[in-house]
Each structure stands twice: as C-alpha cells, then as structure tokens.
Student: 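Mind having a look at this structure? Questions to follow.
Since we're looking at a predicted model, the values are computed, not measured. Counting starts at 1 for both ligands and their atoms, in listed order.
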Amino acid sequence: MEEKAKIVLDGKTYEFPVETGTENEKAIDISKFRAQTSYVMLDNGFGNTGACKSAITFLDGEKGILRYRGIPIEQIAEKSTFVETAYLLINGQLPTDAQLASFASSFTEHAALLPDMLNFFKAYPKDGHPMGLLSSMVCSLSGYHPELLKPDLSEEEIQLMAAKLLSKVRTITAYTYKKSIGEDFVPPRDDLKYISNFLHMMFSTKDKEYDRHDAVVNALEALLILHADHEQNCSTSTVRLIGSSWANLFASVSGGVSALWGPLHGGANQKVVEMLEEIQAAGGDIHKFIEKAKDPDDNYRLMGFGHRVYKNFDPRATIIKKRCHDLFETLGIQDPLLDIAVKLEAAVLKDDYFSERRLYPNVDFYSGLIYKAIGIPTKMFPVLFAIGRMPGWIAHWKEMKADPRSRIGRPRQIYVGLNERDYVPRDQR
Ligand code: ACO
C-alpha cells in the first residue's frame, strides 16, 4: 500500500505522499501542501527541506558516507583524477579512454582568456579579494558568448560551457594571483594536464619554469576531487535557485562563487589558517580559544569545526588530514600551525561542549594547511574551493534544467511586520 503522511490542522486530516530515495531516504511530498491547507512550512535554513530529487551525490551525515554517482569518495580520491571526476559528476558515468581524452582536450582548447578579458585584471584592485574578481569574471563570460544564453541549450552547448568554465577558472585564478604579486601572466601550456597547468600558470615565471613535485600535484588533485560536489549545500542551492529562473550557466555559477565566499561555507578554509595564526601569535594557548568558542555570550566559533549534515565525522576531513601529514612528511615541511591544528583537534574531540553538539573537524580544517604548504596565499583558499566545486555546480544546473518537474524557486515566508497603517506625510512625522 502506498505510504501516506497525515497532518491534522484545524481538526481536518490531510494526506501527503511519502517519497523514498534509492538509499531509502524518506520524504513527505508537500508540493501541494499550501494549495490544500493554506498553511506554509517554516524551515529556517532549510535544514529539513528537500528542494529537489537528485541523482548526483549521496551523503549520509550520520554514517559519514559520501558518494559521487554511487562511487565512495574514498575510492575516487585514491584512484581518480579531478578531470575524470568532473566528467563523472556532469555526465553520470565514468568516461571511456576516448571520452576522457576528448573531455580533457576541451580544457586545453578553452584555457586561454580572450585579450579583452585581461582588462578585468587591470581594473580590479591589486589587493581586492580574489573571490570578487572570480565571481565577476565567471558572470562576464556570458558577455562573450551571447549564443549560449538561450534557455534551450543542446547537450553539445552545455558541454562547451562546462569546458569553458572548468578550464578558464584556473587561468582566472592564476592571473589574479600574478596580478596580486605584480608578476607577468604566464599563459597555459597545451602539453600539461589540468593540475600541472594550473600550478604552471600560478608559479612559473617568464624566466623560470615551476618545478612541479608529484606530491604537490597529487595533494591538489585530491583536494579538488574532495570538493567537487556536496549535494544541496549553500552555494549549489544558490546555483540551482538562480538557474531555476532559466538564467544561464555562467550567471548561475557566478552566484555559486559568491555564496561560497562566506566564512561559514567555502571561506572557512581561509579563516582556519587565520585562526591558527592568531592562536600562534597569542602564544599557542588553544584552550583560551576553545573557551571563547564555548562562551554563549560570544559569537566566536572555531573555524573548521561543525557541519550542517555530518554529525559524526566528515569523510573528506579524514582523507585530507592524512594527505596533509603525507605532504608535509614528503616535502619535509615543518609548520608550527600543523602542530597547533593537531592539538586543537585533539582537545576539541575530548571536550563535552563539542561532542554534545556533534561538532567535528570538517573538510576545511586541514585543507588550508595543504594550500599554504603549496604556496597559495591565504586569501586564495576559497578560490581553490571554487575550482573544485565547479563540476558539482555544473552537474546540478544541468540536472535541474533536464528535470521536467523543475519550477522557479520561490520560497514563502511568515510575515511578522507591522499591520496595515496609513502613510504619514513628512511634515506630520
Ligand atoms: N565553534 C563553536 N560552536 C559551534 C561551532 C563552531 N565551529 N559550530 C556550531 N557551534 C555551536 C553553535 O553555537 C550552536 O550552539 P548552541 O546550540 O549552544 O546555540 C550549535 O553548535 C549548533 O550550531 P548551528 O549554527 O545551529 O549549526 P549549523 O548547522 O547551522 O551550522 C556550520 C553549521 C555553519 C558549519 C557551523 O558549524 C559553523 O559555523 N562552523 C564554523 C565554520 C566552518 O567551519 N564552516 C565550514 C563548513 S564546511 C563547508 O562549508 C565546506
């Protein structure tokens, strides 16, 4: 028998269908709720609201499970590449050799920026936050491709936009960095793979080629894979919401970059390192900072701890922590911030305040230390997150466009303002 949920309002019983996902996740379908009852559901922060059905990523926050298109993140991080992962997320299946070669070559084709776009770097302040420039430049790609702005794109056109986005974000990021340190731009090389090409544009100079260490390439590859998708998080929901109005992919992803920028989301990796530096500057006393985070009268939070969905551990954090230690060991890096991070994590895990609230290290806790070891400046950490999250944003936008049930996103509210009153002319106020 079909399962139904019953809700009693004003003495009347209403029935709503129950939906079950492929991993047995349950939901009450309330899409007709307001039409039938005239009530709305109030759900601050959407913690209980399923906004769509999606076949891209499965995560179980209680069990610490994360899978892209069914494949566990642990296997993908160990065996795959970022480009292959992007193909998997966007197209639903692992590519054949030929599909992967063609996908990767489209990145080489679209890596360069049009000469006009270089003017953005001239106009943007040298010390301006790179997320602002990234968001603007991603949106402005729409200005250079008016033929791709129509709502009914073909599959080939979506693939073309995906290739442009995935490829150009690297170039935009590297050029932003070069501008910030006053060095000449280093153009992409056709013979280099995705990550190596990015490192080349970031760290080679016109006189000296960057000496790429495999450990650095591998660590960055893993980080981008781990960030590639995370179902309906703040930035991905933003991309879907913008796209639900049939706004183009460039505009939608640009909104995703802006949403990711915030310190409670993708900006947290920058804030983690700043926090560790602050602890170091204050003499390394982690307990002072832990107490501050626990003080109910203080808004201060330990950055890199807690997650809306993961309540036991973040599987990405487990992988990243190991990669971080491996990288430091391979490169012989001694960073006192790593010692502080290890101590802080250990103290937090023993503290009742954090265990009662089920706050554990999240993906951002160790990722910043890896970026720092690679030589990426702190301000650019969220940009690296944005490069990593690009395949997820594209996959969700594409899925939403293809779903016949998609409607424009338009939440309701409970109005708590003043009741009707008359306008008072200015001379009588
Ligand atoms: N430090 C101290 N206390 C915390 C922290 C933290 N990092 N995170 C949550 N809490 C406390 C809150 O103060 C609250 O306490 P209370 O019940 O006594 O009022 C309780 O834990 C629940 O917190 P909420 O804000 O309701 O949890 P929510 O699910 O809304 O927020 C979030 C999740 C934003 C990740 C939060 O844990 C946080 O701010 N963490 C720090 C920032 C961070 O690391 N963000 C990256 C997230 S991962 C990502 O986006 C890739």
Student: Applying a heavy-atom cut-off of 4.0 Å, say which part of Asn362 lies close to ligand 1: side chain, backbone, both or neither.
Tutor: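 Just the side chain.
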Student: Can Lys271 and Asp364 be counted as an ion pair, charged N to O under 4.0 angstrom?
Tutor: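 Answer for the salt bridge query: no.
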Student: Does Tyr353 have a heavy atom less than 4.0 Å from any atom of ligand 1?
Tutor: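 Judged by the 4.0 Å heavy-atom criterion, Tyr353 does count as contacting ligand 1.
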Student: Applying side chain to side chain contact (heavy atoms under 4.5 Å, CB included) between Phe58 and each of Leu66, Ile71, Ile65, Thr22, report the one that passes.
Tutor: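 So the option named by the test is Ile65.
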Student: Would you indicate which of Tyr310, Phe354, Phe305 comes nearest to atom 2 (C) of ligand 1 when only heavy atoms are counted?
Tutor: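 Closest candidate by heavy-atom distance is Phe354.
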Student: Should Lys343 and Asp339 count as an ion pair when the cut-off is N to O under 4.0 Å?
Tutor: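 Between Asp339 and Lys343 there is no salt bridge, as every charged N stays at least 4.0 Å from the carboxylate O atoms.
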Student: Nearest heavy atom to atom 16 (P) of ligand 1: which of Arg358, Arg357, Arg389 does it belong to?
Tutor: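 When every heavy atom of Arg358, Arg357, Arg389 is considered, Arg357 comes closest to atom 16 (P) of ligand 1.
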Student: Taking 4.0 Å as the limit for heavy-atom contacts, which would you say applies to Leu359 with ligand 1: side chain only, backbone only, both, or neither?
Tutor: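 Contact part for Leu359 vs ligand 1: side chain (C-beta onward).
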Student: Taking Lys53 first and then Glu399, would you say they form a salt bridge - that is, a charged N and a carboxylate O separated by under 4.0 Å?
Tutor: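 No, this pair does not count.
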Student: For ligand 1, find out whether one of its N or O atoms is nearer than 3.5 Å to an N or O atom of Leu302.
Tutor: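 Yes, there is a polar N/O contact under 3.5 Å.
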Student: Consider ligand 1: state whether an atom of it lies below 4.0 angstrom from any non-hydrogen atom of Gly304.
Tutor: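 Yes.
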Student: Minimum distance, heavy atoms only, to atom 46 (C) of ligand 1: which one of Ala268, Gly267, Cys234 is it?
Tutor: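 Going through Ala268, Gly267, Cys234 one by one, Ala268 has the nearest heavy atom to atom 46 (C) of ligand 1.
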Student: For atom 31 (O) of ligand 1, which candidate among His227, Arg301, Arg316, His230 provides the closest heavy atom?
Tutor: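 Among His227, Arg301, Arg316, His230, the closest heavy atom to atom 31 (O) of ligand 1 comes from Arg301.
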Student: Look up atom 13 (O) of ligand 1 and tell me if a protein heavy atom lies less than 4.0 Å from it?
Tutor: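 Yes, because at least one protein heavy atom sits under 4.0 Å from atom 13 (O) of ligand 1.
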Student: What about Tyr300: any of its N or O atoms under 3.5 Å from an N or O on ligand 1?
Tutor: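 Among all N and O atoms of Tyr300, none is under 3.5 Å from an N or O of ligand 1.
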Student: So is there a nitrogen or oxygen of Met303 less than 3.5 Å from a nitrogen or oxygen in ligand 1?
Tutor: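 For ligand 1, there is no N or O atom that lies under 3.5 Å from one belonging to Met303.
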Student: Hey, are Arg358 and Glu62 close enough for a salt bridge, meaning a charged N less than 4.0 Å from a carboxylate O?
Tutor: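 Result for this pair is yes, salt bridge flagged.
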Student: When you look for heavy atoms under 4.0 Å from ligand 1, do you find them on the side chain of Phe385, its backbone, both, or neither?
Tutor: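 The side chain, only.
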Student: Before signing off on this row, confirm whether Asp364 and ligand 1 have an N or O atom pair separated by under 3.5 Å.
Tutor: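 No, there is no polar N/O contact under 3.5 Å.
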Student: What about Lys311: any of its N or O atoms under 3.5 Å from an N or O on ligand 1?
Tutor: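 N/O-N/O distance under 3.5 Å: no.
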Student: Regarding Arg34 and the six-membered ring of Tyr39, is the cationic atom NZ or CZ under 6.0 Å from the ring centre and inside 45° of its axis?
Tutor: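 Ring-cation test returns no.
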Student: With heavy atoms only and a cut-off of under 4.0 Å, state how His265 meets ligand 1: side chain, backbone, both or neither.
Tutor: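 His265 to ligand 1: contacts from backbone and side chain alike.
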Student: On a heavy-atom basis, I'd like to know which of Ile290, Leu264, Asn233 is closest to atom 34 (C) of ligand 1.
Tutor: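 Checking each option, the heavy atom nearest atom 34 (C) of ligand 1 is found in Leu264.
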Student: What is the nearest protein non-hydrogen atom to atom 33 (C) of ligand 1, stated with its residue, atom name and distance?
Tutor: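 So the nearest neighbour among protein heavy atoms is Arg308 N, 3.8 Å.
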